[in-house]
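Here's the structure, in structure tokens; my notes come after.
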There are 2 protein chains.
Amino acid sequence: MSSTVVKALMLLEHFSEDEPELGLSELARRSGVDKAAVHRMLGAMAETGLVEQQADSRLYRLGAGVLRLARVRETAFPISSVVQPILDTLSAETGETAHASLISGRALANIATCESKKGSRVSLIAGEVLPYHSTASGLAVLAFGDDALLQRVLSSALEAKTRFTVTDASDLRSRVDSTQGIGFSESDQTNEEDVHGIAAPIFDRTGSACGAVSVSTPSHRMTEAQRNLTIGAVLRAGSAITDGLGGRLPRSYADLVAPLVTGA
Amino acid sequence: MSSTVVKALMLLEHFSEDEPELGLSELARRSGVDKAAVHRMLGAMAETGLVEQQADSRLYRLGAGVLRLARVRETAFPISSVVQPILDTLSAETGETAHASLISGRALANIATCESKKGSRVSLIAGEVLPYHSTASGLAVLAFGDDALLQRVLSSALEAKTRFTVTDASDLRSRVDSTQGIGFSESDQTNEEDVHGIAAPIFDRTGSACGAVSVSTPSHRMTEAQRNLTIGAVLRAGSAITDGLGGRLPRSYADLVAPLVTGA
DNA sequence: CACCAGTGTTGATAATATAGCACCGATAGG
DNA sequence: CCTATCGGTGCTATATTATCAACACTGGTG
């Protein structure tokens with residue numbers, strides 16, 4: 001069913017800013033894989049430097065190899081350096097936390113963020129993996145990305161992250177449809193309590209969505225005025241990032257959002 | 001003998017700044033693995049976002065997943081941000097290209113660089129994988145790192161990168177010994193033609209070398225004065241990085257290099 | 001136009017690496 | 001001292017993987 005390589009690499013998703021170091025048993029428990037198997041996989045990934053094991057505590061963490069890989073990717077395709085300043089502007093305009101993510105296999109990878117300056121703000125876990133079905137960013141990608149991706153997500157299990165998460169495929173389908181109709185996506189507490197998200201797609205050269213840019217606002221602070229402000233800003237940011245990456249807005253999409261962008 | 005995971009991850013080492021995108025057949029040829037196997041491995045790595053395939057050209061490249069992983073690692077253990085300013089200073093002091101690398105499984109991973117401002121300079125391929133036996137950085141790590149690592153390298157095949165590369169284990173052994181005696185390592189055209197390297201070890205909390213910092217100078221420009229200048233600067237940089245990462249210089253090492261550091 | 005040398009991709013089968021289990025020694029806490 | 005963890009290790013059935021061939025497709029060439 002699933003290859004060993006996939007199983008091994010999925011282990012990496014359990015490392016986060018909060019828990020950068022994990023033990024063998026802990027990792028086995030969370031992934032639901034046998035300890036012995038986890039041990040072998042980690043050993044294999046350690047050989048290539050993707051993870052490394054602390055000599056004393058025996059804990060595992062992401063290795064120096066990931067830094068090297070990121071350097072290669074970033075020098076060849078400078079994404080972060082293009083995205084970061086646009087996110088900074090977006091966060092300043094809206095006063096809230098902004099982040100950008102790209103399609104990364106079965107999920108969305110958060111690759112850059114700019115946190116709000118306010119005391120009460122939405123704080124993202126750096127490098128978190130975002131599900132397609134429960135985030136505004138995910139909706140935006142599903143609505144304007146490859147149709148095969150949408151089909152795959154619709155036919156997969158939709159995990160309930162909160163009591164508001166859309167777990168029914170046809171419900172998700174209709175939300176995707178409405179996103180396609182308005183040019184941006186919106187989610188309220190579907191991935192995390194008290195977090196409201198508004199996202200716009202980022203397009204690649206072929207005019208297909210390859211990622212999304214989003215603003216996360218504490219739900220209680222989301223007013224009508226703030227919402228309108230945010231929509232315009234996010235759409236402008238999405239367009240700017242698309243341009244910066246050498247992507248192309250589909251004609252139909254550009255026409256769709258034109259009034260919203262200029263109106264802001 | 002070797003696990004599938006290792007074989008798959010070794011494919012990633014063929015991506016570089018120069019060739020960020022590779023085709024399936026090309027990758028199969030270089031790795032010496034069957035085309036079909038490479039295809040499945042890349043497919044598996046694409047599922048987790050470690051690589052991605054261009055929709056039109058069908059070429060593969062490193063995916064957004066590596067950016068996410070690097071973010072997690074860097075926010076938890078901020079290495080690059082500590083190392084970069086020290087490298088900048090080192091490059092300014094010596095007028096040449098400086099770089100730092102960390103142990104990454106079977107090889108050294110170049111994780112940060114600062115290029116010389118001169119027209120004629122040593123230009124590094126970003127994210128290159130550096131062999132232990134043919135680089136000054138590698139020598140420094142072997143000399144002051146874990147003994148098990150040294151043994152493993154000594155008993156492995158030593159590929160000749162240039163006609164000056166040390167390919168004999170006992171020769172390498174004696175070079176390691178002399179490095180241990182003087183506190184820094186030196187290499188002349190052993191990894192690349194016309195490149196001279198001087199490197200100092202970086203130590204972790206346990207007092208074992210976990211990486212190295214190095215200055216690369218065009219061989220023809222390496223004079224006695226430049227050499228003395230560089231040695232002092234590299235040793236200071238190594239010590240500074242070790243401090244910045246929370247590492248600890250072994251007492252014997254600190255005593256060994258003390259006269260060289262203060263003399264500069 | 002037919003051909004050729006490439007490419008990426010997909011089956012089939014034989015071979016092999018893997019998963020899962022129980023087990024070990026070590027460590028820490030009650 | 002006993003229990004409950006921990007990280008790590010052999011073992012064998014089994015499931016995954018390697019290998020080969022053929023496939024459809026592309027672009028250049030005689």
Side-chain angles (χ1 to χ4, degrees), chain A residues 1-15 19-48 50-63 105-106 146 148-149 151-152 204-206 208, chain B residues 1-15 19-63 105-106 146 148-149 152 204-206 208:
Chain A
M1 176 108 188
S2 74
S3 72
T4 10
V5 184
V6 172
K7 278 180 274 188
L9 296 178
M10 294 225 290
L11 293 176
L12 300 180
E13 300 187 0
H14 295 97
F15 293 95
E19 301 174 304
E21 294 184 317
L22 293 171
L24 177 59
S25 298
E26 185 65 26
L27 219 33
R29 223 173 293 120
R30 299 197 188 191
S31 60
V33 183
D34 188 86
K35 240 189 344 178
V38 174
H39 184 251
R40 266 182 308 98
M41 290 170 181
L42 287 172
M45 292 193 284
E47 268 192 61
T48 57
L50 215 58
V51 300
E52 59 192 24
Q53 187 177 26
Q54 200 91 15
D56 44 2
S57 68
R58 318 248 86 184
L59 295 177
Y60 293 88
R61 64 179 180 194
L62 295 175
R106 294 196 181 291
D146 189 21
L149 175 63
Q151 296 307 328
R152 224 174 40 227
D204 62 19
R205 259 200 317 285
T206 71
S208 175
Chain B
M1 175 105 187
S2 74
S3 72
T4 16
V5 181
V6 172
K7 277 180 275 188
L9 296 179
M10 294 224 291
L11 292 177
L12 300 180
E13 300 188 0
H14 295 97
F15 293 94
E19 300 174 304
E21 293 185 316
L22 293 170
L24 177 61
S25 299
E26 184 65 26
L27 220 33
R29 224 173 293 121
R30 298 198 190 191
S31 61
V33 183
D34 189 87
K35 245 194 332 183
V38 173
H39 183 250
R40 266 182 306 100
M41 290 171 181
L42 287 172
M45 292 193 284
E47 269 192 61
T48 58
L50 214 59
V51 300
E52 58 193 25
Q53 187 178 27
Q54 200 92 13
D56 45 1
S57 68
R58 318 250 88 180
L59 295 177
Y60 292 88
R61 63 178 179 193
L62 294 175
R106 296 196 180 288
D146 190 22
L149 175 63
R152 221 169 49 225
D204 62 20
R205 259 199 317 286
T206 71
S208 176

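Side chains included, hydrogens not; waters and symmetry mates left out as well; all remaining heavy atoms used. Convention: sequence-line order gives letters A, B, ...; per-chain numbering from 1.
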Legend entry - Heavy-atom closest contact (H14(A) atom, S31(A) atom, distance): CE1-CB, 3.8 Å
Inset, instruction - Would you kindly give the CG-to-C1' distance between L22(B) and dG8(C), to the nearest whole Å? - result: 15 Å
Legend entry - Residue-phosphate contact under 4.0 Å: R29(B) side-chain N/O, dG6(C) OP1/OP2: no
Legend entry - Point-to-point distance, once rounded to the nearest 0.5 Å, from CG of L9(B) to CD of E47(A): 10.0 Å
Inset, instruction - Figure out the CG/P separation between L42(A) and dT18(C), and round it to whole Å. - result: 14 Å
Legend entry - Length of the line joining L27(B):CG and dG8(C):C1', which is rounded to integer Å: 13 Å
Legend entry - Ion pair E19(B)/R30(B), N-O distance below 4.0 Å: yes
Inset, instruction - Show the numbers, then the answer: is there a side-chain contact (heavy atoms from CB on, under 4.5 Å) between R205(A) and Q54(B)? - result: CA-CA 10 Å; R205(A) 259 200 317 285; Q54(B) 200 92 13; 2.3 Å; yes
Legend entry - Euclidean distance, E21(B) CD relative to R58(B) CZ, rounded to 0.5 Å: 13.5 Å
Legend entry - Nearest atoms (heavy-atom pairs only) where Y60(A) meets F15(A): O-CE2, 3.2 Å
Inset, instruction - Return the residues of residues 52-61 of chain A meeting this criterion: a heavy atom under 4.0 Å from some atom of DNA chain D. Order them by number, or give none. - result: Q53(A), R58(A), Y60(A)
Inset, instruction - May I have the distance from K7(B) (atom NZ) to dT18(C) (atom P), rounded to whole angstrom? - result: 7 Å
Inset, instruction - Only one of V5(A), V6(A), L11(A) passes side chain to side chain contact (heavy atoms under 4.5 Å, CB included) with T48(B); say which it is. - result: V6(A)
Legend entry - Closest contact, heavy atoms only, D34(B) versus A36(B): OD2-N, 2.9 Å
Inset, instruction - Going 5' to 3' through nucleotides 20-25 of chain C, assign each nucleotide B (protein heavy atom under 4.0 Å from a base atom), S (under 4.0 Å only from sugar-phosphate atoms) or - (no protein heavy atom that close). - result: BB----
Inset, instruction - For dG7(D), take OP1 and OP2 only and decide whether either is under 4.0 Å from a side-chain N or O of S25(A). - result: yes
Legend entry - Out of dT9(D), dC6(D), dT10(C), whichever nucleotide has its closest atom nearest the side chain of H39(B): dT10(C)
Inset, instruction - May I ask you to evaluate whether T4(A) reaches the phosphate of dT18(C), defined as a side-chain N or O under 4.0 Å from OP1 or OP2? - result: no
Legend entry - Minimum heavy-atom distance K35(B)-S25(B), with the two atoms named: CD-OG, 3.6 Å
Legend entry - Out of dC6(D), dA18(D), dT7(C), whichever nucleotide has its closest atom nearest the side chain of M41(B): dA18(D)
